[in-house]
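To start, the structure itself, in structure tokens.
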Amino acid sequence: MTEGTTSAAAEGADTLTRLEQEGEIAADYLEGLLDIADLDGDIDMDVEADRASVSIISDTGSRDLQKLVGRDGEVLEALQELTRLAVHRETGDRSRLMLDIAGYRANKRSELSELGAKAAAEAKSSGEPVKLKPMTPFERKVVHDAVKAAGLRSESEGEEPQRFVVVLPA
């Protein structure tokens, strides 16, 4: 192994350790929140795409956890920000942690990937740019990834909270 390879491997291990620590801090914070709210849920931690990922799941059905998702994921987004702040308070570093509750974000990712693929197909066939409705940063990222997978380019336009994706023809 060369020195560059060794340092890259050590850096990767350090990053993984840091992300696992973020997940543990987030899990502790969310456990406390579930206790206060008297809600049942299990915490699942992972590292995906260079960010900590924490999910709250329930064996008894996710009806109670839907309260933590809210309308259009608004409560979920707020809880994610609060959890990121809790991680920041403990580590001093900005966190890019992703939170999912009752599979909401996973389902949303699937729907958005399909939307991105359909918009890409429409842009290919019409030769015209396709503008989508305003989305959150998470939603735009998923759509951008789906468009890229379909072999086209996309851009975000507008100002928050009215920022939207435009799929460009080839």
Side-chain angles (χ1 to χ4, degrees), residues 15 18-19 21-23 25-30 32-34 36-37 39 41 43-57 62 65-124 126-170:
T15 299
R18 181 181 53 78
L19 292 174
Q21 178 190 19
E22 281 186 20
I25 293 167
D28 290 344
Y29 176 78
L30 292 165
L33 181 79
L34 289 173
I36 290 168
L39 295 172
I43 309 287
D44 184 32
M45 297 179 298
D46 200 1
V47 174
E48 298 173 1
D50 292 333
R51 65 172 52 184
S53 174
V54 178
S55 300
I56 302 175
I57 53 177
S62 57
L65 291 182
Q66 289 303 317
K67 296 172 188 172
L68 298 179
V69 173
R71 187 174 59 99
D72 296 327
E74 291 173 339
V75 177
L76 170 60
E77 291 290 332
L79 287 173
Q80 177 174 278
E81 285 307 308
L82 288 172
T83 305
R84 286 176 173 175
L85 285 171
V87 170
H88 177 73
R89 187 184 67 225
E90 292 289 322
T91 65
D93 294 326
R94 183 178 173 276
S95 173
R96 295 177 52 235
L97 175 126
M98 288 295 289
L99 174 64
D100 191 6
I101 299 174
Y104 175 83
R105 205 175 288 275
N107 292 338
K108 190 75 169 174
R109 178 176 279 131
S110 177
E111 291 171 12
L112 290 165
S113 292
E114 190 174 313
L115 174 67
K118 285 181 181 177
E122 182 180 334
K124 275 182 185 176
S126 73
E128 297 291 322
V130 176
K131 293 182 180 182
L132 301 176
K133 66 178 180 56
M135 298 178 189
T136 67
F138 162 76
E139 293 169 333
R140 290 193 310 269
K141 168 78 168 101
V142 173
V143 171
H144 285 305
D145 290 347
V147 170
K148 185 177 181 180
L152 292 182
R153 280 186 334 106
S154 57
E155 299 174 346
S156 291
E157 293 183 4
E159 298 294 324
E160 294 292 353
Q162 296 301 313
R163 201 152 167 81
F164 60 94
V165 174
V166 178
V167 180
L168 305 168

Between [X] and [Y], what is the shortest heavy-atom contact and its length?
{"X": "Gly116", "Y": "Ala146", "result": "CA-CB, 4.0 Å"}
{"X": "Gly41", "Y": "Ile56", "result": "CA-CG2, 4.2 Å"}
{"X": "Val142", "Y": "Arg109", "result": "CG1-O, 3.5 Å"}
{"X": "Ser95", "Y": "Val87", "result": "CB-CG1, 3.8 Å"}
{"X": "Asp72", "Y": "Tyr104", "result": "C-OH, 3.2 Å"}
{"X": "Val75", "Y": "Gly70", "result": "CG2-CA, 3.7 Å"}

Reported [atom1]-to-[atom2] distance for the pair [X] and [Y], which is rounded to 0.5 angstrom:
{"X": "Leu168", "Y": "Glu128", "atom1": "CG", "atom2": "CD", "value": "11.0 Å"}
{"X": "Arg18", "Y": "Thr91", "atom1": "CZ", "atom2": "OG1", "value": "8.0 Å"}
{"X": "Leu68", "Y": "Ile101", "atom1": "CG", "atom2": "CD1", "value": "5.0 Å"}
{"X": "Ile25", "Y": "His88", "atom1": "CD1", "atom2": "NE2", "value": "11.5 Å"}
{"X": "Ser53", "Y": "Asp44", "atom1": "OG", "atom2": "CG", "value": "7.5 Å"}
{"X": "Leu30", "Y": "Thr83", "atom1": "CG", "atom2": "OG1", "value": "4.0 Å"}

Say whether, by atom type as modelled, one donor and one acceptor occur between the side chain of [X] and the main chain of [Y] under 3.5 angstrom.
{"X": "Arg51", "Y": "Leu97", "value": "no"}
{"X": "Asp100", "Y": "Arg105", "value": "yes"}
{"X": "Lys67", "Y": "Ala37", "value": "no"}
{"X": "Ser55", "Y": "Ile57", "value": "no"}

Would one find more than 12 heavy atoms of other residues, nucleotides or ligands at under 6.0 Å from atom CD of Glu160?
yes

Within the 4.5 Å heavy-atom criterion, are Leu152 and Pro169 side-chain neighbours or not?
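Sidechains of Pro169 and Leu152: no contact.
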
Atom pairs and distances, side-chain donor-acceptor, residues 129-138, under 3.5 Å, sequence neighbours left out:
| residue | atom | partner | partner atom | Å |
| --- | --- | --- | --- | --- |
| Thr136 | OG1 | Glu139 | N | 3.2 |
| Thr136 | OG1 | Glu139 | OE1 | 3.4 |

Would you mind checking if Lys118 and Glu114 are paired as a salt bridge, meaning a charged N to carboxylate O distance below 4.0 Å?
yes

Leu34/Ile43 under side chain to side chain contact (heavy atoms under 4.5 Å, CB included): CA gap, chis, key distance, verdict
CA-CA 10 Å; Leu34 289 173; Ile43 309 287; 4.0 Å; yes

Kindly determine whether Ser154 and His144 satisfy side-chain hydrogen bond (donor to acceptor under 3.5 Å, both in side chains), including the steps that lead there.
CA-CA 6 Å; Ser154 57; His144 285 305; 2.5 Å; yes

Start with the C-alpha gap between Tyr29 and Leu82, add the side-chain angles, then the distance that decides, and say whether side chain to side chain contact (heavy atoms under 4.5 Å, CB included) holds.
CA-CA 9 Å; Tyr29 176 78; Leu82 288 172; 3.6 Å; yes

List for me each residue that meets salt bridge (Lys or Arg N to Asp or Glu O under 4.0 Å) alongside Lys148, sequence neighbours excluded, and say none if there are none.
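Here no residue qualifies.
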
